[in-house]
2 protein chains.
Amino acid sequence: MARKTGSHSEITGPKVRAAALKLIAQHGFAAVSMRRIAEEVGVQAGALYNYTRDKQALLFDLMCSHMKELLAAREAAAVSGDPVARLDAFTRFHIRWHLPRGDQVFISYMELRNLTPANFAEIERLRKVYEDELETVLQDGVDAGLFHLDDTKVTTLAIIAMLTGMSTWYRAEGRLSLDRIEALYVGMVRRLVGI
Amino acid sequence: MARKTGSHSEITGPKVRAAALKLIAQHGFAAVSMRRIAEEVGVQAGALYNYTRDKQALLFDLMCSHMKELLAAREAAAVSGDPVARLDAFTRFHIRWHLPRGDQVFISYMELRNLTPANFAEIERLRKVYEDELETVLQDGVDAGLFHLDDTKVTTLAIIAMLTGMSTWYRAEGRLSLDRIEALYVGMVRRLVGI
DNA sequence: CATTTAACTGAACAGGCGTTCATTTGAAAA
DNA sequence: TTTTCAAATGAACGCCTGTTCAGTTAAATG
């Protein structure tokens, strides 16, 4: 046998993904060229094609990984118990997980229109799985007479928009600590569902 | 005197802006070429430069107009009275004004990173004026002992994120009428400030 | 009708784009 | 030390990019 498969690949592969993530979040998918990504990695443009079929696959891979990691982390942190505890857990999880992943969040919301229709459908499917988790919590809370809200679906979308919006302005060096942010959002989400 | 200044210009100018708005909202600023915009207008690419200094100015113009029209409309719809009435008015205004302007909203949130630093600063300044309007209402409500919330600034940003997020999923032909949407969001915003 | 000139064309510019591929490199395997 | 081949190079492909500008067109003015 010759040299182990992917001895360099194991280093360059992640570097390609990291460079693409950073640059696309910064300038947008269409504005970043393969040559610019290659430069960031320290390699010629042609070498990128050892790690991705084409530019579109690179974007899809970033977005798909983001969503699958989100769902896996959510599953690992699953909480059972009463709807109030599950709602608080969802809020805390969303903030803790999204906050250190600003670039991924940005790309996942901004670059949907640059996906091919098939790739777009897949990402939307994964996003819906996440939304449904929250919707189920809200519905259970309503059914148990604990939450008071007018429309479960709209409230779900409103909460996710509110939580995700934080990524656009939060800065680690800012006025508010992560703990404080978390507490504020837990409070606001609770109010939103009428607790 | 020769022919009136801008006899065709008055027709083509708005067509250029409309085409740019539609295409940039659809595909993103960097992904849309001047030739593609010209094609949509029914003109050669060179002719666009009778209506914009360059591509960057076209984007800035769209975003700047959007923000200035928003602020002008807000001023025209200004309400005085108690904080609760002003809060409800803000919610209703935001929804009614943003909902039929999906493309502008999309561009104004997505294409900030494609502005030059100077243009970016100007748009952010205008956005802040709008945010400050809501923040003032919240602060007045808190001072009057009517609202119960933990952090005025964060609540302001959360409300705006929640309201603006609606643009990403609302469809006129969907399950909910505009009146219903408005009522739902007025209710949610009220809950968020502890009414 | 003759003149004026705003509006537009169409070609050109220099450079960048995504992608392919024959060739070179160099470290691990034998 | 020799062999092997994954990994990377670098040039090339055809096409597209934003922008400029000399030249053409045609409608309104005098």
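Per chain, numbering begins at 1; letters A, B, ... match sequence-line order. Here the structure is a predicted model, which is why all the values come from computation and not from measurement.
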Rounding to a whole Å, what distance do you find between [X]:[atom1] and [N]:[atom2]?
X	N	atom1	atom2	value
A:Lys15	D:dA8	NZ	C1'	13 Å
A:Glu39	C:dG16	CD	P	11 Å
A:Gln44	C:dA22	CD	C1'	16 Å
B:Leu48	D:dT20	CG	P	12 Å

Provide a list of protein-nucleic acid N or O atom pairs under 3.5 angstrom, restricted to nucleotides 14-18 of chain D.
residue : atom : partner : partner atom : Å
D:dT17  : OP1  : B:Ser33 : OG           : 3.1
D:dG18  : OP1  : B:Met34 : N            : 3.4
D:dG18  : OP1  : B:Lys55 : NZ           : 3.1
D:dG18  : OP2  : B:Met34 : N            : 2.8
D:dG18  : N7   : B:Arg35 : NH1          : 2.8
D:dG18  : O6   : B:Arg35 : NH2          : 2.9

Which residues pass the side-chain contact (heavy atoms from CB on, under 4.5 Å) test with [X], sequence neighbours left out?
X	answer
B:Phe106	A:Arg113, B:Met110
B:Ala25	B:Asp103, B:Ile107
A:Val142	A:Gln139, A:Phe147, A:Leu149
A:Phe120	A:Leu112, A:Leu115, A:Glu124

Out of [options], whichever nucleotide has its closest atom nearest the side chain of [X]:
X	options	result
B:Asn50	D:dA8, C:dT19, C:dA7	C:dA7
B:Ala47	C:dT19, D:dT9, C:dT9	C:dT9
B:Tyr51	D:dT9, C:dA7, C:dT9	C:dA7

### Query
Between B:Thr12 and C:dC8, does any side-chain N or O lie under 4.0 Å from OP1 or OP2?
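Result: yes.
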#### Entry: ring pair (Phe, Tyr, Trp, His ring centres under 6.0 Å) contacts in which one or both residues fall within residues 61-81 of chain B, not counting sequence neighbours
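Only B:His66-B:Trp97 qualify under ring pair (Phe, Tyr, Trp, His ring centres under 6.0 Å).
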### Message
Before we go on, tell me: are the rings of A:His94 and A:Tyr130 under 6.0 Å apart, centre to centre?
### Response
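Ring-ring flag for A:His94/A:Tyr130: true, centres closer than 6.0 Å.
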